[in-house]
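To start, the structure itself, in structure tokens.
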Amino acid sequence: MKDINQPIPPSIIRHLEKRKSTNGYRTLQQMGHLIDFSSNDYLGLARNKELSQYLQEQHGLKDPLLGGTGSRLISGNHIAYDECESYLEGVFDSEKVLLYNSGYAASQGVVSCIPQRGDTIIYDQFAHVCLKEGAWLSKATSLPFMHNDLNDLERKLEKATGEKYVVTETIFSMDGDVAPIEEIITICEQHKARLIVDEAHSTGLYGKDGGGMLVDKGLHAHVLARIYTFGKGMGMHGAAVAGDTKVIDYLINFSRTFIYTTSLPSQSIRFIKGAFAFLRNHIELQQQLAERITLFRKLYNDSISVTAVQPILISGNDQARETALLLQDKGLDVRAILSPTVKAGEERLRVSLHVHNTAEEIKELVDALLSIA
């Protein structure tokens, strides 16, 4: 049967043409032949042959089901979930852990359902869009505070009504900068506000067994809900929320992105547990990544980040895209981040550093950056 030829709404055409006119038009690309300076596979676990062999030997064909079969509240709550969540409770030093299908779903699901009508959510203006959407979807009042600005956060908290919730990240994905989390915790406690923190870009990279920056700093007990993503440093897929038993029970009952989603297949869940077990026995990967970051910062004096995410600010979509293409022509997979993903005038190259980047590759990248600056 032929597709019904439905007329395309004019708004779709208009928006696409506008995006093209600003050189912000997005397309899907394959860059597997280039040296990776763009992925979030910071520890190289997604391509680690030893881990792959371990997962296949231990978990590859353990379960006959290929799919989740339904939501976890119906048919999808396989035993692998219980085993993985129990294991992660130790990794994250948490009373309870709840697995989600993705970091996007976990962040949106937590922020959208915990605050109630009459409450106030105050989120960092540079927080990931999934956290912002969670705030916008909630029945609470939501407003941003200036990025990592403690004075602005205090001003907003002083005017907040109802229960107060502060939402931030430990490491921000576009600038690679770190939240002043100790100070934020102090301010939240002074104003009786509850804190929700997304650990997406620190999961696996910090802390004993890869428990993230909050665990590494011993600050996790001060946070109402912590969100961990496994599609970045852990090289897998899925996410989890760590918190008090009552918080997790509440999410099971009221978080729509958990309730109305078919569960991940049990093989994926076993792979998550296996990746953390592998990292526990190869925790030196954290130090190896730290050494790559130190080398890049030493060679590239304009480095403004102490993390694996290194922004190279290049104003303008045209210039940022052209610079990325020049680097790709040199065999370096560096991507441009364009407006409206970032604010106009703050376009940049987003360089990601990894364990699998050799010293020679990092030097090659820095030389290329300096030659085209």
Is it true that, when you exclude Ile13 itself, more than 12 heavy atoms of the residues, nucleotides or ligands shown sit nearer than 6.0 Å to its CD1? yes
Below 4.0 angstrom, N of the basic side chain to O of the carboxylate: do Lys96 and Asp249 qualify? no
Between Asp152 and Lys156, does any NZ, NE, NH1 or NH2 come within less than 4.0 Å of an OD or OE carboxylate oxygen? yes
When you measure from the side chain of Ser202 to the backbone N and O of Met213, does any donor-acceptor pair fall under 3.5 Å? yes
Main-chain N/O of Leu45 paired to Asp41 side chain as donor or acceptor, under 3.5 Å: yes
Quick one: does Glu95's side chain have a donor or acceptor within less than 3.5 Å of a partner on Thr245's backbone? yes
Pairs involving residues 315-332, ordered by first then second residue, that meet side-chain hydrogen bond (donor to acceptor under 3.5 Å, both in side chains) (sequence neighbours left out): Asn23-Asp318, Asn23-Arg321, Asn317-Ser339
Ala80 backbone acceptor or donor facing His78 side chain under 3.5 Å: no
So, do Cys113 and Leu251 sit near enough that their side-chain heavy atoms are less than 4.5 Å apart? yes
Does any donor atom in the side chain of Arg350 or Thr341 lie under 3.5 Å from an acceptor atom in the other side chain? no
Does CZ in Arg256 sit with more than 12 non-hydrogen atoms of other residues, nucleotides or ligands closer than 6.0 Å? no
Chi angles and distances behind the side chain to side chain contact (heavy atoms under 4.5 Å, CB included) call for Arg194, Ile114: CA-CA 11 Å; Arg194 293 171 174 83; Ile114 291 180; over 6 Å; no
Check the side chains of Asp177 and His147 for a donor-acceptor pair under 3.5 angstrom, ignoring hydrogens and angles. yes
Taking the side chain as every heavy atom from C-beta outward, state whether Arg226 and Val215 have any atom pair closer than 4.5 Å. yes
Between Gln310 and Ala308 (side chain of the first, backbone of the second, donor and acceptor by atom type, cut-off under 3.5 Å), is there such a pair? no
Side-chain (Ser263) to main-chain (Gly76) donor-acceptor, under 3.5 angstrom: yes
State, without any angle test, whether Asp36 and His356 hold a side-chain donor-acceptor pair at a distance under 3.5 Å. yes
Distance, nearest 0.5 Å, that separates CG of Leu214 from CG of Leu195: 8.0 Å
Compare every heavy atom of Phe37 with every heavy atom of Leu332, then report the nearest pair and how far apart it is. CD2-CE1, 3.9 Å
Quick one: do His191 and Glu154 satisfy side-chain hydrogen bond (donor to acceptor under 3.5 Å, both in side chains)? Show the steps, please. CA-CA 8 Å; His191 291 270; Glu154 282 210 86; 3.2 Å; yes
Please enumerate all residues that pass ring-ring contact (aromatic ring centres under 6.0 Å, His included) together with Tyr25, with sequence neighbours excluded. none
Distance-only side-chain donor-acceptor flag, Tyr104 / Glu133, under 3.5 Å: yes
Please lay out, stage by stage, how Lys192 and Lys164 fare under the test side chain to side chain contact (heavy atoms under 4.5 Å, CB included). CA-CA 7 Å; Lys192 295 182 171 55; Lys164 305 170 187 177; over 6 Å; no
Aromatic contact, Phe92 with Tyr228 (centres under 6.0 Å): yes
Under 4.0 Å between a side-chain nitrogen and a carboxylate oxygen: does that hold for Arg270 and Glu83? yes
Do side-chain atoms of Arg348 reach the backbone of Met174 as a donor and acceptor pair under 3.5 angstrom? yes
Taking everything shown except Gln53 itself, do over 12 heavy atoms lie less than 6.0 Å from its CD? no
Sole residue of His201, His354, Lys232 in side chain to side chain donor-acceptor pair (under 3.5 Å) with Tyr42: His201
Do Ser255 and Tyr100 meet the criterion of a side-chain donor-acceptor pair at a distance under 3.5 Å? yes
Looking only at heavy atoms, the pair that brings Val110 and Pro115 closest together is O-CD, 4.2 Å
Roughly how far, to the nearest 0.5 Å, is the OG1 atom of Thr168 from the CD1 atom of Ile185? 10.5 Å
Can you confirm whether the side chains of Glu189 and His222 place a donor and an acceptor under 3.5 Å from each other? yes
Taking the six-membered ring for Trp, are the ring centroids of Phe271 and Phe230 within less than 6.0 Å of each other? no
Shortest non-hydrogen separation from Pro311 to Ser305 and the atoms involved: CD-CB, 4.1 Å
Are the side chain of Thr307 and the backbone N or O of Gly176 linked by a donor-acceptor pair below 3.5 Å? yes
Can you name the nearest heavy-atom pair linking Gly238 to Leu264, along with the distance? CA-CD1, 4.1 Å
Step through the shown structure and confirm whether more than 12 heavy atoms of other residues, nucleotides or ligands are within 6.0 Å of CD1 on Ile79. no
